[in-house]
Amino acid sequence: MSGSAHTSDARGAAWPATEAEARAVQEQLRPRVELADRAPAPGTPGTVLAGVDVAYDDTHDVVAAAAVALDGGTHEVVARATAYARVPFPYVPGLLAFRELPAVLDALERLGRVPDLVVCDGYGLAHPRRFGLASHLGVLTGLATVGVAKTPFVFRHGPVGAARGDSAPLLDGTEEVGRALRTREGVRPVFVSVGHRVSLDSACAHTLSLARRYRLPETTRRADALCREALREAATRQTGESRSPGEEGRAAATGRP
DNA sequence: GCGACAG
DNA sequence: ATCTTGTCGC
């Protein structure tokens with residue numbers, strides 16, 4: 001076969017094989033980001049707020065993803081799902097979505113609920129090409145998404161007030177691409193940006209609402225715990241049970257083994 | 001050319 | 001992300 005060098009991911013969709021192709025995909029999809037806010041008001045009972053996250057096992061080349069759904073009113077868990085995949089792309093700053101999204105999309109499908117908002121671990125519009133993983137996930141699924149990251153990446157911000165809820169613009173030069181938001185007193189801020197179908201104000205309001213007791217939103221904390229647990233169990237299942245030397249690095253390509 | 005660099 | 005001991009504090 002000549003021509004396109006695209007390959008297939010675990011879900012059967014085209015996936016870039018090189019950094020140049022990945023950047024081209026971002027440039028192509030970026031115009032599809034919608035800025036109109038379609039997220040529910042924070043605290044609305046009956047709405048579904050989802051968190052997604054992934055964990056890696058580099059030695060086995062496996063990524064485990066988790067999706068957790070919380071009720072918008074009580075923040076109690078109403079659904080959980082996991083998925084596995086071969087790591088489909090190397091870590092390259094600015095191309096994180098190509099490493100995480102196949103497994104995340106799979107986990108979201110298995111969730112059995114359609115979230116009203118998805119909170120991602122990383123950035124949305126706060127991205128060198130304005131298309132971080134939160135925006136990418138939103139465009140691919142049509143879901144409202146926000147990005148909440150733990151570090152400022154390549155961006156700058158002024159001082160953030162000491163009180164919970166205080167914030168400062170996250171700047172790419174003079175352009176506000178997100179917000180440094182303090183979710184707890186005496187704790188480093190988190191870095192919020194728009195993913196898809198949400199406003200920055202709404203993204204920050206949801207982040208604040210979901211992060212009362214801890215720095216990070218409850219959605220990402222739950223998803224983080226779940227994908228780590230899934231990865232541990234996958235490792236245990238291989239080591240402790242089937243000792244077949246030939247079958248090791250080839251853990252399930254997808255699904256719950 | 002040399003660092004910096006979401007997770 | 002992941003590798004890793006102890007330490008300070010509620």
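To find a chain, count down the sequence lines: A is the first, B the second, and so on, and within it residues start at 1. Computed from a prediction, not measured in an experiment: that's the story for all the values here. We use all heavy atoms of the structure for the numbers below, so side chains are in, but hydrogens, waters and symmetry mates are not.
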Between P of C:dG9 and CZ of A:Arg184, the distance in whole Å: 17 Å
Check ion pair A:Arg197-A:Glu34 (N to O, under 4.0 angstrom): yes
Per A:Val154 side chain, nearest of listed nucleotides B:dC5, B:dA6, C:dT2: B:dC5
A:His127 NE2 to B:dG7 P, straight-line distance once rounded to whole Å: 13 Å
Criterion side chain to side chain contact (heavy atoms under 4.5 Å, CB included) on A:Asp106 and A:Arg110, from CA distance to verdict: CA-CA 6 Å; A:Asp106 202 350; A:Arg110 291 163 178 269; 3.1 Å; yes
Length of the CG-P vector between A:Asp121 and C:dA1, whole Å: 7 Å
Pairwise side-chain contact, A:Glu100 with A:Leu96, heavy-atom cut-off 4.5 Å (strictly under): yes
Side-chain N or O of A:Tyr91 closer than 4.0 Å to phosphate OP1/OP2 of B:dA6: yes
Listed nucleotide nearest any side-chain atom of A:Asp53, set C:dT2, B:dA6, B:dG7: B:dG7
Separation of A:Tyr123 OH from A:Thr151 OG1 (nearest 0.5 Å): 5.5 Å
Phosphate contact (B:dA6 OP1 or OP2) by A:Arg99 side-chain N/O below 4.0 Å: no
Rounded distance in Å - CZ (A:Phe153) to P (B:dA6): 6 Å
Under-4.0 Å side-chain N/O to phosphate OP1/OP2 contact, A:Lys150 with B:dG7: yes
Sugar-phosphate only, base, or nothing, as touched by A:Tyr56 at under 4.0 Å among non-hydrogen atoms: sugar-phosphate
Between P of B:dA6 and CD of A:Glu100, the distance in whole Å: 12 Å
Given B:dA6, C:dT2, B:dG7, the nucleotide with the shortest approach to the side chain of A:Ala55: C:dT2
Rounded distance in Å - CG (A:Leu96) to P (B:dA4): 20 Å
Spacing of A:Asp61 atom CG relative to C:dT2 atom C1', expressed in whole Å: 15 Å
A:Arg38, CZ atom: more than 12 neighbouring heavy atoms under 6.0 Å: no
Value in whole Å for how far the P atom of B:dG7 lies from CG of A:Leu133: 9 Å
Sugar-phosphate only, base, or nothing, as touched by A:Leu170 at under 4.0 Å among non-hydrogen atoms: nothing
Distance test, side-chain N/O of A:Thr151 to OP1/OP2 of B:dG7, below 4.0 Å: yes
Touch class at under 4.0 angstrom, heavy-atom based, for A:Gly147 against every strand present: nothing
